[in-house]
Amino acid sequence: MLVNPRVKICGIRSFQDAEAAVGAGAHAIAFNFVRGSRRYINPEAAREIILELPPFVSVVGVFADEPRYSVEEIASFCRLQALQFHGEETPEYCRRWSYPVIKAFRLGDDAPEAKKGATAFTDWEPLAQAAHEYDVNAFLIDAYCPNALGGMGRTFDWSKIGGRLRRPLILAGGLNPKNVREAIVRVRPFGVDVASGVETDGKKDPAKAAAFVEAARFRPGDDDGSEALL
Ligand SMILES: O=C(O)c1ccccc1NCC(=O)[C@H](O)[C@H](O)COP(=O)(O)O
C-alpha cells in the first residue's frame, strides 16, 4: 500500500531556509557538513538554527568520509537526530552510532567501475549487494554525479531500482515539485529527499517547498496495491 512518503529537505543554510522547509510540512530537514560542498554550513550556524526549530521536525546531519570523532562532536553540539553518510563510509564505520543512520548510495550510467567499497554504481544488483552489508536504518539512493557527491539536481533512471533493500529506501536526485509524484508512484519509496528542486537562487523557496510536499502526499486512487519499498 502506498503511504505518505516522508519528505526530507536538504541543505538548510539559514533561518529562512528552515522556515520554508518547516512551513511546507517537511518531516525532516538536513544540514550539510560535507567540507567544500556548496551547501556546507558550519556547526555554529547550524546549531543556532536548530535551537530555534519547533518540535516534530527531524534534524539530519549530512557527512562524507568525516572522521568519527568529528561526527560525534558535531552531532552532539548541533543536537542532530539522524546521520546521513554520503561518502564511501564502510559498513563498520556505519555501526555503533547513537543515532539513526542513513547510508547514501548513488546510481548513474556514468558511474565508475565499482571497486571494493564503492558506493556508486551503474546497476542495481551490485548496489543492492553492497547495501546488504550495511546495518543502517535507511538507504538514500541518489543520482551519481562525476564532480560532486550530491546536491546537483540530477535525476537517474528510476527504472534501475530493481526491488527492496533490507532497510527503507529514500529516493533522491533531481526531484522537484513537477516530477516527485511520478517518482513516488513508480518507485514507492519510504521517503523522498530534495535539495536543488525547492530552491530559487540557492535559497529554499517557500512556494516550491510547499508544492513539493503537496505533490508528495498520498492521494485516494494512488493505491494500486503494490508494496512500498519500505
Ligand atoms: O546538497 C549538497 O550540496 C550535497 C553535497 C555533497 C554531498 C551531499 C549533498 N546533499 C545530500 C542530499 O541528500 C541531497 O539532498 C541529494 O544529493 C539530492 O540533491 P538534489 O539532486 O539537489 O535534490
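Note: hydrogens, waters and symmetry copies are ignored here, and every other heavy atom, side chains too, is used. Indexing begins at 1, ligand by ligand and atom by atom, following the structure's order.
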In sequence, state the C-alpha distance, the side-chain angles, and the governing distance for K203 and D17, and then conclude on salt bridge (charged side-chain N to carboxylate O under 4.0 Å, His left out). CA-CA 6 Å; K203 294 180 170 55; D17 281 354; over 6 Å; no
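- The protein heavy-atom contact nearest to atom 13 (O) of ligand 1 is Q84 NE2, 3.0 Å.
- Ranking protein heavy atoms by distance to atom 19 (O) of ligand 1, first place goes to G151 CA, 3.2 Å.
- Taken from CG in L171 to CZ in F190, the straight-line distance is 13.5 Å, to the nearest 0.5 Å.
- Using a 4.5 Å heavy-atom threshold, the side chains of W97 and E72 count as touching.
- Among protein heavy atoms, the minimum distance from atom 11 (C) of ligand 1 is reached at H86 CE1, 3.6 Å.
- Cation-pi check for K103 over F105 is met; the charged atom lies under 6.0 angstrom from the ring centroid and within 45 degrees of its normal.
- At least one side-chain heavy atom of R96 sits less than 4.5 Å from a side-chain heavy atom of R68.
- The protein heavy atom nearest to atom 12 (C) of ligand 1 is C10 SG, 3.5 Å.
- For the residues D142, L149, N32, the heavy atom positioned nearest atom 9 (C) of ligand 1 is part of N32.
- Shown are L140, I170, I184; of these, the side chain to side chain contact (heavy atoms under 4.5 Å, CB included) with V192 is made only by I184.
- Each of the following atoms of ligand 1 lies closer than 4.0 Å to a heavy atom of S196: 20 (P), 22 (O), 23 (O).
- A heavy-atom separation below 4.0 Å is found between G153 and ligand 1.
- Only the side chain of S37 comes within 4.0 Å of ligand 1, judged by heavy-atom distances.
- For the pair R39 and S196, the minimum side-chain heavy-atom distance is below 4.5 Å.
- Nearest protein heavy-atom neighbour of atom 14 (C) of ligand 1: D193 OD1, 3.4 Å.
- When each atom of ligand 1 is checked for a heavy atom of V194 under 4.0 Å away, the hits are 15 (O), 23 (O).
- Side-chain contact between D65 and E89 is present, with at least one heavy-atom pair separated by less than 4.5 Å.
- Set against the non-hydrogen atoms of G173, the atoms of ligand 1 under 4.0 Å away are 18 (C), 21 (O).
- Against a heavy-atom cut-off of under 4.0 Å, R39 is close to the following atoms of ligand 1: 1 (O), 2 (C), 3 (O).
- At a heavy-atom cutoff of 4.0 Å, ligand 1 is contacted by the backbone of M152 but not by its side chain.
- Annotation for ligand 1: atoms under 4.0 Å from non-hydrogen atoms of K8 are 13 (O).
- Side-chain atoms of D142 and H86 include a donor-acceptor pair closer than 3.5 Å.
- Every atom of ligand 1 is numbered from 1 in the order shown, and the set under 4.0 Å from a heavy atom of G174 is 20 (P), 21 (O), 23 (O).
- Among protein heavy atoms, the minimum distance from atom 23 (O) of ligand 1 is reached at A195 N, 2.8 Å.
- A ring-ring contact (aromatic ring centres under 6.0 Å, His included) with F85 is found for one member of F139, Y93, F33 and no other, namely Y93.
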